[in-house]
2 protein chains.
Amino acid sequence: MRRDVYQGIADPTRRAIIALLALQAMTPNAMAEHFNISRQGVSNHIKILTECELVKQEHQGREIYYTLEIKKLKEIDKWLEQYRAIWESQFNKLDKVLSNLKKQKK
Amino acid sequence: MRRDVYQGIADPTRRAIIALLALQAMTPNAMAEHFNISRQGVSNHIKILTECELVKQEHQGREIYYTLEIKKLKEIDKWLEQYRAIWESQFNKLDKVLSNLKKQKK
DNA sequence: TATATGCGCAAACAATCACTTGCGCAAATT
DNA sequence: AATTTGCGCAAGTGATTGTTTGCGCATATA
């Protein structure tokens, strides 16, 4: 069983949960109200998110508030970094082509 | 069958393929040499990457060169954007705490 | 103390996954 | 013309997924 950030964000419902938790900490029941799946379905996703360390829990009485571990998302950002350089240089190339076309028009 | 970028990058072998193709276009056979799985195993991944539009093909005789569609990775970057704002503000808060501690020491 | 509520665990399900092996087609080499 | 090479397609395998329903344990309310 693979448990990493990439796996964590692979499912659309999990990305929706992440979006919710970015706004505020929430209990599983509160999250479930936003989706068409059962409370337990949501809990299963939370379990995976917890295992990926994308989410942490805060017990409060019998309720459990889940919070987003935003720094885990930084991992993806770091992975993207190596490719950002490439697409930026590609954009610059395109930019050059365009400005050359402009010059030719003149 | 879900076919989006997030699914595309969910598998470690596929991320490795992406890394290879970032350096240069390659045939499936060439890629397979880098991994411990069969040529067909690699081809299965390529198929998924193609369906996610993370990869495009260029036929050249009987060989097929695959190239990385870097702009598709930008989609992830765009998704991350909303969270970047959050972790940056969190970092600034931490920064404040640290500089306050420093002041107190003085 | 009895009952209701919030939650995780466990088991079950079909669907999808990552792989493999075997095949056949088309391009290249002999 | 015969053989080799590069590739995708198809079918098969066991493992993992997303989901559900039923359970039991705590905490809260009556």
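What you see below is based on every heavy atom in this structure, not just the backbone, and it leaves out hydrogens, waters and symmetry mates. As the structure is a prediction and not an experimental result, all values here were calculated from the model. Throughout, a chain's letter reflects where its sequence line sits, starting with A, and its residues are numbered from 1.
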Check: Whole Å only: how far is the CZ atom of Arg3(A) from the C1' atom of dC17(C)?
Finding: 13 Å
Notebook entry, point to check: Under the 3.5 angstrom rule, does the side chain of Gln24(B) hit a backbone N or O of Leu21(B) as a donor-acceptor pair?
Noted result: no
Check: Ile46(A) has an atom CD1; how far is it from atom P of dT19(D), in whole Å?
Finding: 13 Å
Margin query: How would you summarise protein contacts on nucleotides 20-30 of chain C per nucleotide, using B for base, S for sugar-phosphate only and - for none, with heavy-atom distances below 4.0 Å?
Written below: BBB----BS--
Note to self: Would you say His45(A) places a side-chain N or O within less than 4.0 Å of OP1 or OP2 belonging to dT19(D)?
What the structure shows: yes
Check: Between the side chain of Arg2(B) and the main-chain N/O of Gln7(B), is any donor-acceptor distance below 3.5 Å?
Finding: no
Item checked: Separation of atom CD in Glu51(A) from atom C1' in dT17(D), rounded to whole Å -> 13 Å
Margin query: On DNA chain C, compare the nucleotides closest to Arg14(B) and Pro28(A); which residue's is nearer the 5' end?
Written below: Pro28(A)
Next item on the list: Specify the separation, in whole Å, of atom NZ of Lys47(A) and atom P of dT17(D).
Entry: 11 Å
Margin query: Distance check needed: dG6(D) P versus Met26(B) CE, whole Å only.
Written below: 15 Å
Margin query: Distance check needed: dG18(D) P versus Met1(A) CE, whole Å only.
Written below: 12 Å
Checklist line | Distance test, side-chain N/O of Asn29(A) to OP1/OP2 of dT5(C), below 4.0 Å | finding: no
Next item on the list: Report the C-alpha distance between Lys78(A) and Glu75(A) in whole Å, list the side-chain angles of each, state the deciding distance to 0.1 Å, and finish with yes or no for salt bridge (Lys or Arg N to Asp or Glu O under 4.0 Å).
Entry: CA-CA 5 Å; Lys78(A) 208 181 155 194; Glu75(A) 242 175 64; over 6 Å; no
Check: Yes or no on salt bridge (Lys or Arg N to Asp or Glu O under 4.0 Å) for Arg84(A) and Asp77(A), after CA distance, side-chain angles and deciding distance?
Finding: CA-CA 10 Å; Arg84(A) 212 188 316 275; Asp77(A) 195 57; 3.3 Å; yes
Next item on the list: Please confirm whether the backbone N or O of Asn29(A) pairs with a side-chain atom of Arg39(A), one donor and one acceptor, at under 3.5 Å?
Entry: no
Notebook entry, point to check: Going through the checks in order, is the salt bridge (Lys or Arg N to Asp or Glu O under 4.0 Å) test met by Asp4(B) and Arg15(A)?
Noted result: CA-CA 13 Å; Asp4(B) 56 28; Arg15(A) 288 198 299 280; 3.6 Å; yes
Notebook entry, point to check: If each of Arg2(B) and Tyr65(B) is mapped to the nucleotide of DNA chain D with the nearest heavy atom, which maps nearer the 5' terminus, i.e. the 5' end?
Noted result: Tyr65(B)
Next item on the list: Give the rounded distance in Å between these two atoms: NE2 of His59(B) and C1' of dG6(D).
Entry: 12 Å
Next item on the list: Kindly say whether Ile46(A) contributes a backbone atom to a donor-acceptor pair with the side chain of Arg14(A) at under 3.5 angstrom?
Entry: no
Next item on the list: Give a yes/no on whether any side-chain N or O of Gln7(B) is located under 4.0 angstrom from OP1 or OP2 of dC17(C).
Entry: yes
Notebook entry, point to check: What's the CD-C1' distance between Glu33(B) and dT5(D), to the nearest Å?
Noted result: 13 Å
